[in-house]
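Here the structure comes first, spelled out in structure tokens, and everything after it is commentary.
Positions are given from 1, in the same order as the sequence printed here.
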Amino acid sequence: MDLSYLVTQIKSSPQGLRLRQGYVTNYNSSTKTIDVQIAGDTNTLPDVKYLHSYSPQTGDTVWLLSFGADLLCIGNQAT
């Protein structure tokens, strides 16, 4: 991933908490994190933490809370 992409994501975010939609591209069982693509982008953000109550699956559409560079997956979107 290009570092400038991450800088753009952080700088373009308004102050405060944001709710964003994403797509799970990979579940990392060793670190218990997921890799996600934020909706509307093709870059993958690695090692995103998720709430214990959510059991991630590759291919899930998920809700992400973001605060600057911090991301937390709070669950998947019902289909």
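Under the side-chain contact (heavy atoms from CB on, under 4.5 Å) criterion, Gln57 pairs with Ser55, Asp60, not counting sequence neighbours. Residues satisfying the side-chain contact (heavy atoms from CB on, under 4.5 Å) test with Tyr23, not counting sequence neighbours, are Thr25, Gln37.
Ile74 is not listed as a side-chain neighbour of Leu64, based on a closest heavy-atom distance of 4.5 Å or more. Using a 4.5 Å heavy-atom threshold, the side chains of Val48 and Thr33 count as separate. Looking at Leu65 and Leu71, their side chains never come closer than 4.5 Å, going by heavy atoms from C-beta outward. Between Ile34 and Cys73 the shortest side-chain heavy-atom distance falls below 4.5 Å. Under the 4.5 Å side-chain criterion, counting only non-hydrogen atoms from C-beta, Gln21 is in contact with Trp63.
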> Going through the checks in order, is the side chain to side chain contact (heavy atoms under 4.5 Å, CB included) test met by Val62 and Tyr54?
Replying inline: CA-CA 10 Å; Val62 294; Tyr54 167 57; 3.3 Å; yes
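Tyr50 and Lys32 get closest at one heavy-atom pair: CE2-O, 3.2 Å.
Separation of atoms CG (Asn43) and CG (Asp35) is listed at 12.5 Å; rounding is to 0.5 Å.
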